[in-house]
Q: 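One structure is given below, represented as structure tokens, and several questions about it will come after.
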Amino acid sequence: MANSAWSEKILQLLRRMNNFYLPGSCRSKCWRFEINEAEVGWIHPHVASLLTRYLEVFSPPHGGAVSLCRSLDSYEKRSEAVDAVLQTLRQESSLTCLKGWRDEKYSVMPKFSDPPLMWMERAATSLFGVKRYGVHVNGYTVSDSGEVNMWLARRSLTKQTYPGLLDNVAAGGLAAGVGVKNTLVKECEEEACIPAAIAEKARPVTNVSYTYEDEDGVFAESQFVFDLELPLEFKPRAGDGEVQEFYLLPIDKVKELLATDDFKPNCALVVLDFLIRHSFIEPDTDPCYQEFVAGLHQTL
């Protein structure tokens with residue numbers, strides 16, 4: 001694929017993953033989601049109208065915002081009250097995202113460094129546009145001659161989301177109350193059978209952030225990215241059934257695959273960031289270099 005065509009494909013991917021910021025998105029119609037006047041997300045008008053049935057939990061939309069009732073004055077009260085509403089809304093045929101209920105708790109807070117104000121079921125987070133955090137690991141090798149190759153995972157065909165697509169060597173969402181490094185070690189062990197002694201050598205290198213909308217709501221996501229140089233003799237193995245196969249590929253092949261539909265979109269962004277940081281994409285040779293960097297680090 002010619003360089004200009006490749007770059008255009010990557011720009012299309014970045015636009016797709018940041019379409020909440022583009023003209024014509026639902027952003028201008030959304031209500032802010034607030035807890036104690038702190039903005040924690042975005043709610044589509046359709047969802048806001050459903051929430052008016054539950055005035056003991058959500059105040060009516062006002063001043064551009066939907067707020068939790070002040071009477072819910074603790075982490076536990078907010079979490080339990082919202083979860084009860086969501087359990088009821090699971091019966092709504094229009095809310096397809098709730099059919100993928102995971103029984104996974106995600107923290108809700110204005111910024112990652114802020115104390116959580118409540119937890120929310122992972123499948124419901126897009127209905128409220130709350131910020132979701134995850135950990136992604138770039139697994140790679142460096143040969144004696146300096147050649148870099150990257151390990152990629154092929155997702156299981158039974159995965160609830162993006163079955164069969166290419167993924168990073170290990171990745172996972174950040175559950176409520178679990179730290180970033182602990183999540184990294186856990187996902188490496190579970191998904192790729194990477195021992196903790198190796199996984200703990202992963203280096204935190206950047207944060208990839210983007211916000212997109214689709215029929216399930218608003219996805220404001222921020223991924224903590226780690227680089228992990230794996231020993232040349234080590235081969236990841238499928239552990240928990242979420243991966244069907246691992247591939248060790250040369251960087252040119254990885255770059256080529258990024259411009260196809262074979263990658264899980266947010267994992268493609270993480271790999272794109274790796275290519276930029278390791279100088280496989282440079283400003284002198286790619287005229288879209290600045291657009292790439294900007295698209296990978298949007299403010300949530």
Side-chain angles (χ1 to χ4, degrees), residues 75 79 83 100-109 111-116 118-126 130-141 150-209 219-231 233-248 263-271 273-274:
Y75 177 94
S79 304
D83 193 58
W101 196 275
R102 295 171 178 245
D103 285 320
E104 292 183 33
K105 299 176 180 179
Y106 272 22
S107 296
V108 178
M109 56 273 194
K111 300 194 303 292
F112 182 75
S113 57
D114 293 332
M118 60 173 288
W119 62 259
M120 180 180 291
E121 156 62 32
R122 176 178 179 172
T125 51
S126 62
V130 299
K131 297 162 188 172
R132 310 187 338 167
Y133 298 90
V135 177
H136 285 244
V137 182
N138 291 303
Y140 68 101
T141 63
M150 178 173 277
W151 281 105
L152 296 178
R154 174 76 68 185
R155 292 165 68 85
S156 168
L157 293 174
T158 61
K159 284 284 288 182
Q160 189 178 91
T161 56
Y162 303 101
L165 295 189
L166 292 172
D167 202 330
N168 305 120
V169 72
L174 210 57
V178 183
V180 174
K181 197 64 177 283
N182 285 343
T183 298
L184 177 149
V185 173
K186 175 174 104 39
E187 296 296 340
C188 281
E189 288 184 316
E190 292 179 355
E191 292 186 356
C193 295
I194 299 173
I198 294 178
E200 287 171 354
K201 296 178 181 178
R203 297 182 298 111
V205 288
T206 191
N207 187 264
V208 171
S209 300
F219 295 79
E221 300 190 339
S222 182
Q223 311 298 348
F224 293 98
V225 179
F226 288 74
D227 284 355
L228 175 59
E229 182 178 346
L230 291 165
E233 67 277 9
F234 179 81
K235 294 183 179 180
R237 292 182 293 106
D240 58 7
E242 295 195 3
V243 173
Q244 56 175 305
E245 194 170 0
F246 288 96
Y247 311 102
L248 183 63
F263 251 103
K264 183 172 181 277
N266 67 336
C267 298
L269 298 191
V270 171
V271 173
D273 178 81
F274 179 93

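Numbers here simply count residues along the sequence, with the first being 1.
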Q: Does a side-chain heavy-atom distance below 4.5 Å link N266 with F219?
A: no
Q: Who are the ring-ring contact (aromatic ring centres under 6.0 Å, His included) partners of Y140, not counting sequence neighbours?
A: F274, H278
Q: Does a side-chain heavy-atom distance below 4.5 Å link P116 with Y75?
A: yes
Q: What distance separates L166 CG from E245 CD, expressed to the nearest 0.5 Å?
A: 10.0 Å
Q: Pairs in or reaching into residues 235-244: which pass side chain to side chain donor-acceptor pair (under 3.5 Å), with residues at least two apart or in two chains?
A: K159-E242
Q: Which heavy atom in L228 sits nearest to a heavy atom in A202, and how many Å separate them?
A: CD1-N, 3.6 Å
Q: Please report the shortest heavy-atom distance between I194 and E189, naming the atom on each side.
A: O-CG, 3.3 Å
Q: Using the test side chain to side chain donor-acceptor pair (under 3.5 Å), find all partners of S209 that sit at least two apart in sequence or belong to another chain.
A: N207, S222
Q: Check whether S79 reaches the backbone of W119 with its side chain - one donor and one acceptor, N or O, closer than 3.5 Å.
A: yes
Q: Is any side-chain heavy atom of V130 closer than 4.5 Å to one of Y106?
A: no
Q: Distance-only, no hydrogens or angles: does the E121 side chain make a donor-acceptor pair with backbone N or O of R102 under 3.5 Å?
A: yes
Q: To the nearest 0.5 Å, how far apart are CG in L174 and OG in S107?
A: 7.5 Å
Q: Less than 4.0 angstrom from a charged side-chain N to a carboxylate O is my criterion; do D167 and R155 meet it?
A: yes
Q: What distance do T141 atom OG1 and L230 atom CG have between them, rounded to the nearest 0.5 Å?
A: 8.0 Å
Q: Closer than 3.5 angstrom, by distance alone: can the side chain of E200 be matched with the main-chain N or O of V185 as a donor-acceptor pair?
A: no
Q: Identify the residue among K131, R132, R122 that makes a salt bridge (Lys or Arg N to Asp or Glu O under 4.0 Å) with E221.
A: R132
Q: Would you indicate whether the side-chain heavy atoms of Y162 and F263 approach each other to under 4.5 Å?
A: no
Q: Looking only at atom types and distance, does a side-chain atom of N182 sit under 3.5 Å from a main-chain N or O of G179, one as donor and one as acceptor?
A: no
